[in-house]
Structure formats: structure tokens, C-alpha cells
Participant: 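Here you go, one structure.
In what follows, chains carry the letters A, B, and so on, assigned in the order in which the sequence lines appear, proteins first and then strands, with residues in each chain numbered from 1.
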Amino acid sequence: MSEISTKPQSGMRDFLAPDVVRRRHVLAVVQRVYESFGFQPLETPTIENLSTLLGKYGPEGDQLLYRILHRREKLQRALASGAPTEIDLADEGLRYDLTVPLARVVANYRDLPAFYKRYQIQPVWRADRPAKGRFREFYQCDVDITGTTSVIADAEVMGAVAAVLQGLGFADFAIHVNHRELLRAFVTAAGIANENEGLALIALDKLDKIGRDGVLQELAQKGFANDCGEALLHALEQAREPGALTRMAATEGPFQAPSRALAELLAVAKDGPAAKHAIFDPTLARGLSYYTGPIFEITCKGLAGSMGGGGRYDNLIGMFQKKPVPAVGFSLGLERVLLVMEERGMFPPLCIGPQVLLCRMGDVPADAAIRVATRMRAQGLRVEVYADAANMGKMLTYANTIGAPFAAILGTAELAQGTLALKCLATGEQAATPIDDASMFVNKRS
RNA sequence: GUGGCUGUAGCUCAGUUGGUUAGAGCAUCAGAUUGUGGUUCUGAGGGUCGCGGGUUCAAAUCCCGUCAGCCACCCCA
């Protein structure tokens, strides 16, 4: 009697071998490329204090945090207190991204290098509604550089993710680049109050999808005066025209500084892997509230959301210590990358199962089979021993089922001679082979 | 959070206007074949028709509710 659901939790998945090898294939490229840029690995705990997590991502982000209920006495005490609030019931949560844990680490280990370059590949959790390419448990592949406001750092994180995508075979992705200060200047110039900046930017972000009228409608719906919306749209449309960035960079006023910064960033990035991919996009707005300077987002044809995002966050680390430390980072979403690669058939042939199934005939003792398998494995072969006693037809069928390309038949005759009847299942070729030559036989035919 | 679609065997799905004991393919297992597989043939196991209620002589089928999954939007990686 089994009424327990065997499905994984909504928004979370089991990965069987074919999934695992594809994920590993991508992660191997990510790791290799990140390390080639001089980033060093970091891993942090799954669980963080809620005080670490709360207030860093904006109100929507706080809502999506997985919280961990108190245990035992603490829980009893909280429940007994009458009307417990969320804060009374939990003081820990699952990490929501890798940037905030990094900020905590930088504040906690004061002896890190002045320019701490770390990469981190770990799962994060968001209590979001699952959809295509969106999960509640997913992997982020982050690169960050702390301790400098240099444009080199910005360009390097852009270059690192661009190099990863190129290494995986992508050619048609775009890295949208914008600047928080520039957005703020647009919003202010249009006569919109600072506290409504977020609302306005969300509407603007949709310009490509719902069009000019759609954005105006949405702005009106959110209570913005018509001429405010009109002014904002007009300014942004002008900013999208070719040469607008250089023009703004040359014009005194609130647009000048961020425009100059972006122009410089694009100029520097041009000599790295992000060349050809980086584009100025004045409508790009990102949801996370900790960004302060340049912001990035990667898009790719055929993908609804983004493959990755990032930006500069010069005030986040300062929330964990007195001394502010500037930082910039970029995050690739492993599942998004996999989704596109899957749809486009971008994976090379990948296999990991056993190369050889060792078929023990009924009259061969089990310990002899183990001895032979051990000698074969010592040659570097991946060997599975058929566990049950069975006739040969069944064992060969099983070899096909698990995708093993070779079968090694071990009967009393072979055992006496120290050989194996090695069979290539694709061609049917079979030869009596000394046990220690098994890898030669296999490698010659693989 | 909004809108839509779908829930029948492990998987993919049929199932007529509501009508006897709910089917097929794939997969699994067994046998034909106890030292030679992929093909073929024979057979077997496997179902609370998502769940709950209603209408009806009769419900997988119609109605209501609910849950789950998928798609689009929103937001994000």
C-alpha cells in the first residue's frame, strides 16, 4: 500500500544519468573558463540567517524566501506566545542567490585579498511558481570581483560569462547593459518621485513586449500622470537611437556620469570575449534592489527569460560591516543554459555507463568474477558485473538495455585459461582475450 | 498573482450519443532458446479512469468543487 507521492517536490527535479552528464558537461566548461579568468572557488552553506537574507532583494524577494521553522523548544515557545508572526517562527532560510552569501563572506573574512575574485556554483531556492525554465531549486554559476570600482572588473565578469557561452557553442546571445544611475536620471527628469522608480521601471522593461501604448497604459494604471509616462518614454526612445550614449556622455547634466561610465565599459569590453555581444539597452531594469551601477542581462533567441544577469552592487557588503566594499558580479542560470542547449541539440555525445558487462556463467564462482572485474578495472575500464545467475541471452540483452558496448563472458573454460570471451555488441565480433588485454580490445573498438 | 489547456497501466495515448468485464503501443518479466543479444513469436503482471460530491436505471464520459501537471503572461536565473 503506497499512497505516498513519488514525484519530486513541485519545481524541483530528480536528475537521472542522462541529465547528470549534460549538467556536468556544462559545469565543466563553466568551471574551466571561470578559473582561466583567475576566479577562485567558494562554497557556502545552504542555510543562512534570515537577518542575512531579508531586506537585500526587495519586497518581492523577501516573499520568495524559503524559511525554516524553529525546532523543538523554540517552536513550542513561539506557538505558545499567542499569535506568532513569521519572524517569531523562523530565523533561518535557504539561500536565495549567491551574491548575498558572498557579501557575508567578504565581511566575515577580513584577510581576503584586496581584489577577491571568486566563483561559486551551487543551488539556490526560491518559493516561486514553477514554469518553463523556472524552478524552485536551481543552480547559479556566479563570478564576482570585490574591492574595486574599476571598469576592468565589470568588463572581466562580462567577459567570463561570454567566454563560457562561447565555449558551449553559443554565438547569438546578447549582453544587455544599462546603468542604475542612468535609469534614475530618466525617471527623475520625467518628474517621477524616487520612491516610485521601481514601479515605473518595471513597466518600461516591457517596452519590447507590449509596445509603447502598452507601457503608457500600464504606467497610467499604476497612477502615473500621462505626461510623466510620455516624457519617460520619449527620453528612452531617444536613448535607444544609435549614438545616443556618446551624445549623453558629452552633455552636462544628470545623464552624463552614468553614460560616460557605460561608454567606457563598452569600450573596454570590446577587447574581450563580450565584444559583439554587449549592447546598451536603456530599458533594461533589474528587479534586485542591491544594484547600484552598471547592470547586465543575457538574452538569447527563443528563450522567454534571461540566461543570466548581474551588475555592480557597491553598497551590499557595507550592510554587513562598517567599511563599504565595492563589488560587481554576473550570474549564469545553469537550467536556462541547459534548456536552450537541449532545444538546439548542442550537446556532444556524452556517456558514462559501464563499458563492459561481465557475464558470469552459472558454474563460475562469484569470487572469481570479482577478481576478474578488479583486474579489468585496474586497466581503467568501467565494468559492471551481472549480479544474478542467468543464461547468456538474458545477460546480453541486459548489456544492450544499459547501453554497455561490450560483454565479457566468463565461463569455466575462460577461467581455466585466464581469458575472457570479449564481445563487441555492435558488430558481434568476439575473441578470446587474456584478462589483462581487455582494455586493449575495448579501446581499439570504442 | 492573471488567463487557458490537460488529468485513463511505469511512459505515450485511444475510449463513439452516458450502456455488459476500460483498450493499444512502448517498457518490464517469463517462455520458445540452460554458452551468444538487438529481429520474431507466445504469454504474464500491471488500473480507486487524479480526488470529493452531484445528476442518472447506468458515469472514464455530463455538472459542481478540489488537487496536480503543462502552456502563455507577470517576475526572475
Participant: With sugar-phosphate meaning primed atoms plus P, OP1 and OP2, does A:G133 contact a base, only sugar-phosphate, or nothing at under 4.0 Å between heavy atoms?
Facilitator: base

Participant: Can a donor-acceptor pair be found between the side chains of A:S446 and A:Q355 at a distance below 3.5 Å?
Facilitator: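 No, A:Q355 and A:S446 have no side-chain donor paired with an acceptor closer than 3.5 Å.
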
Participant: Apply ring-ring contact (aromatic ring centres under 6.0 Å, His included) to A:H277 and list each qualifying residue two or more places apart in sequence or on a separate chain.
Facilitator: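 A:H277: ring-ring contact (aromatic ring centres under 6.0 Å, His included) contacts with A:F173.
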
Participant: What pairs with A:D437 under salt bridge (charged side-chain N to carboxylate O under 4.0 Å, His left out), at least two apart in sequence or on another chain?
Facilitator: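 None.
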
Participant: Once you apply a heavy-atom cut-off of 4.0 Å, does A:G305 come out as touching a base, just sugar-phosphate, or nothing?
Facilitator: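 A:G305: base contact, heavy atoms under 4.0 Å.
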
Participant: Go through the N and O atoms of the side chain of A:N400 and the base of B:G37, and report whether any donor-acceptor pair is under 3.5 Å.
Facilitator: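 Side chain to base: pair present.
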
Participant: If a pair means Watson-Crick or G-U wobble with both distances below 3.5 Å, what does RNA chain B look like in dot-bracket form, with | marking bases paired to a different strand?
Facilitator: (((((((..((((.....[...)))).(((((.......))))).....(((((..]....))))))))))))....

Participant: Once salt bridge (charged side-chain N to carboxylate O under 4.0 Å, His left out) is applied, do any residues pair with A:R312, and if so which ones, sequence neighbours excluded?
Facilitator: A:D154, A:D314

Participant: Using heavy atoms and a sub-4.0 Å distance, could you list which residues of residues 423-443 of chain A are near RNA chain B? By number, please.
Facilitator: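 Only A:K423, A:L425, A:A426, A:G428, A:Q430 qualify.
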
Participant: Taking the six-membered ring of A:F441, is NZ or CZ of A:R445 closer than 6.0 Å to its centre and within 45° of its axis?
Facilitator: yes

Participant: Under 4.0 Å, counting only non-hydrogen atoms across every strand here, what does A:M307 touch: a base, just sugar-phosphate, or nothing?
Facilitator: sugar-phosphate

Participant: Enumerate all atom pairs, one protein N or O and one N or O from nucleotides 30-33 of chain B, separated by less than 3.5 Å.
Facilitator:
from  : atom 1 : to     : atom 2 : distance (Å)
B:A30 : OP1    : A:K394 : NZ     : 2.3

Participant: Ignoring hydrogens and angles, state whether a donor on the side chain of A:D388 or A:Y398 is under 3.5 Å from an acceptor on the partner side chain.
Facilitator: no

